[in-house]
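Each chain gets a letter, A, B and so on, in the order its sequence line appears, and its residues count up from 1.
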2 protein chains.
Amino acid sequence: MKKTYSEENYLKAIYHLGKSDNKVSPKAIADALENNPASVIDMLKKLQDKDLISYDKVQGAILSRSGEMAALDIIRKHRLWEVFLVEKLQYGWDEVHDIAEQLEHIHDEQLAKKLDDFLGNPSFDPHGDPIPAQNGKMPVYASKRLSEADENQMCKVGSVRDTSTPFLKYLKQLKVGLGSRIRVIEKMEFDQSMIISIDEGEPKTVSSKMTDNILVILD
Amino acid sequence: MKKTYSEENYLKAIYHLGKSDNKVSPKAIADALENNPASVIDMLKKLQDKDLISYDKVQGAILSRSGEMAALDIIRKHRLWEVFLVEKLQYGWDEVHDIAEQLEHIHDEQLAKKLDDFLGNPSFDPHGDPIPAQNGKMPVYASKRLSEADENQMCKVGSVRDTSTPFLKYLKQLKVGLGSRIRVIEKMEFDQSMIISIDEGEPKTVSSKMTDNILVILD
DNA sequence: ATATAAAATTAGACATGACTAATTTATGTA
DNA sequence: TACATAAATTAGTCATGTCTAATTTTATAT
């Protein structure tokens, strides 16, 4: 039961969208995949026929057991390849997303396992995201969004939730990376923006869109 | 001017078929790609429109300059990935072809270069085939087909011309690998089969199909 | 030279996965 | 409640790359 490139991308998108507790609507999927809702509905029907998801207007799209395993398998491969690209090929962490997007679709029975072993069985990818095990289990570790940290709190960047190239480039510019130490100087009530100091540098203002997408470990 | 997966496969096939001096006919391409001549003709037209090849009934398909560069680029990537799979991920040389067939289509400006550096700039892939440089130049070394060797000639396996899984499995069974020493014991005039000794082992009979696809360095 | 076979070509169809435009269903607000 | 808007859905179209079936061209053998 091999899946097409497209099917795999839909399953992945549905998985990610399903993590937040909102219902996974055709519109949401269309936005995530940058295509249109009509196309999405066509594909949802196909995925439902293959028992990879269930879909109805009220519930939205929900991954079946096999759909979720398939999604986790793609995500596992995506993140393992990201580790490879950064650790072995010396790419920057903000450059690897699009390449991993392609590599994740390579089909081979043994590949993920062999790559995993070669990389030393990493638990997290270069963005700090957990790499699912073969059985689909996710390694977890305590973390909060930066937006949830209190004023004067010191914390360490553990991972980023948005791994799009523009966001990562923005972080690079701010000199924020995994492990960067951030002190919350002030939280603006009205728009949730924050003034922070990065690695004890001068204060900078960042939006809630930024702080919502950074996961930190509190000191 | 990025090429599709399919276009890349056609260019590669045309390149390989063009190496032997036969004309590259729709039939030959169809056989190589395991599809049918009608499909091939459709694609040849598209490739011609993009100036990647020229095609007419008499000459067959001929790669243009840009078509050849594109083909060499795919072959370069294919062979680099094969080195990676065998050297780093511990695959057997008979297992990697189908995976490399997928990996060769990954698009990224820097990838081939970075992979090449990571692998230590290898000149030959695990099957002994030369890896084109970025500029398309092929490393060369003297070699002949085993079928051209004389009786009693001692030689060393330098590469294989057919890298299909069935052929490689057959070689594995015969215990023939890169560097194996082969002595030609007898050549049968009538069907060009040969009796050979592999690494001084007991004599074995092999067909001309086999000896035509093994390249050797004469002692 | 001509019959026969093989190869090349054309025409028409199909699957996949996308699109636009029109329609229906929900949701939210005055 | 009723209108306005957003979302979901349907119908029809399109590009890509494939196929089969028929037809034409080329090559081969007697």
Side-chain angles (χ1 to χ4, degrees), chain A residues 1-15 17-18 20-63 67 70-71 74 101-102 104-105 107, chain B residues 1-14 17-18 20-63 67 70-71 74 101-102 104-107:
Chain A
M1 268 205 238
K2 52 182 170 293
K3 283 118 206 143
T4 66
Y5 192 105
S6 249
E7 285 171 345
E8 291 183 346
N9 280 334
Y10 275 92
L11 292 174
K12 188 163 55 106
I14 295 167
Y15 179 89
L17 293 168
S20 60
D21 41 12
N22 306 322
K23 103 177 180 194
V24 181
S25 63
K27 170 82 163 71
I29 298 171
D31 287 348
L33 297 179
E34 298 185 288
N35 64 6
N36 81 40
S39 311
V40 173
I41 300 228
D42 288 345
M43 183 57 98
L44 292 182
K45 283 178 190 154
K46 287 177 199 162
L47 294 174
Q48 189 156 38
D49 289 345
K50 297 194 180 186
D51 286 317
L52 292 166
I53 66 165
S54 66
Y55 173 69
D56 66 78
K57 198 180 311 199
V58 183
Q59 302 279 302
I62 292 168
L63 292 173
I74 307 293
E101 234 14 45
Q102 300 174 60
E104 70 190 8
H105 300 291
H107 286 279
Chain B
M1 269 209 229
K2 53 181 170 291
K3 285 116 205 145
T4 67
Y5 192 104
S6 249
E7 286 171 343
E8 291 184 346
N9 280 334
Y10 275 91
L11 293 174
K12 186 162 56 109
I14 294 167
L17 292 169
S20 59
D21 41 12
N22 306 322
K23 104 176 179 194
V24 182
S25 64
K27 169 82 164 71
I29 298 171
D31 287 348
L33 297 178
E34 298 185 291
N35 65 4
N36 82 39
S39 311
V40 172
I41 300 230
D42 287 345
M43 183 58 95
L44 292 183
K45 283 177 190 157
K46 287 178 199 162
L47 294 174
Q48 191 157 38
D49 288 346
K50 296 193 179 185
D51 286 317
L52 292 166
I53 66 166
S54 66
Y55 172 69
D56 67 79
K57 198 179 310 199
V58 182
Q59 303 277 302
I62 293 169
L63 292 173
I74 308 293
E101 212 56 14
Q102 300 174 62
E104 70 190 8
H105 300 290
I106 303 292
H107 286 279

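For the segment residues 3-12 of chain B, the set of residues with a heavy atom within less than 4.0 Å of an atom of DNA chain C is empty. Contacts with DNA chain C (heavy atom under 4.0 Å) in residues 44-52 of chain B: B:K45, listed by number.
Between B:I41 atom CD1 and D:dT18 atom P the separation is 14 Å, expressed in whole Å. Regarding A:D42, its CG atom lies at a distance of 10 Å from the C1' atom of D:dA11, rounded to whole Å. Rounded to a whole Å, the CG atom of A:N36 is 17 Å from the P atom of D:dG12. We find that NZ of A:K57 is positioned 19 Å from P of D:dA6, with the value rounded to whole Å.
Counting heavy atoms from C-beta on, the side chains of A:L44 and A:I29 come closer than 4.5 Å. Side-chain contact between A:V58 and A:K23: absent, with no pair of heavy atoms (C-beta onward) separated by less than 4.5 Å. Between B:H107 and A:Q102, some side-chain heavy-atom pair lies under the 4.5 Å cut-off. A:K12 has its side chain within reach of A:E101: a pair of non-hydrogen atoms, C-beta onward, lies under 4.5 Å apart. For the pair A:S54/A:Q48, a side-chain contact is recorded, criterion being any heavy-atom separation below 4.5 Å from C-beta on. When side chains are defined from C-beta on, A:Y55 does not count as touching A:I62, because their heavy atoms never get closer than 4.5 Å. Residues A:K45 and A:I53 are not in side-chain contact: their nearest non-hydrogen atoms beyond the backbone lie 4.5 Å or more apart.
Among the atoms of the strands shown, only primed sugar atoms or phosphate atoms (P, OP1, OP2) are found under 4.0 Å from some heavy atom of B:N35. Within the 4.0 angstrom heavy-atom criterion, base atoms lie near B:P37.
For A:K27, taking side-chain heavy atoms from C-beta onward, the closest of the listed nucleotides D:dA21, D:dT26, D:dA7 is D:dA7.
Remark: side-chain polar atoms of B:E7 are paired, donor with acceptor, to backbone N or O of B:T4 under 3.5 angstrom.
Once you apply a 4.0 Å limit to the heavy atoms of chain B, the touched nucleotides of DNA chain C run 5' to 3' over C:dA7 to C:dT10.
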Please walk me through it: do B:E104 and B:N9 pass side-chain contact (heavy atoms from CB on, under 4.5 Å)? CA-CA 10 Å; B:E104 70 190 8; B:N9 280 334; 3.5 Å; yes

Could you walk me through whether A:I14 and A:L52 satisfy the side-chain contact (heavy atoms from CB on, under 4.5 Å) test, starting with their C-alpha distance in whole Å, then the side-chain angles of each, then the deciding distance to 0.1 Å, before giving a yes or no? CA-CA 11 Å; A:I14 295 167; A:L52 292 166; over 6 Å; no

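A salt bridge links B:K27 and B:D31; the closest N-O separation between the charged side-chain nitrogens and carboxylate oxygens is under 4.0 Å.
In this structure, B:K23 and B:A38 both approach DNA chain D, and ranking their closest nucleotides by distance from the 5' end singles out B:A38.
Distances shorter than 4.0 Å separate none of the side-chain N or O atoms of A:S25 from OP1 or OP2 on D:dA7.
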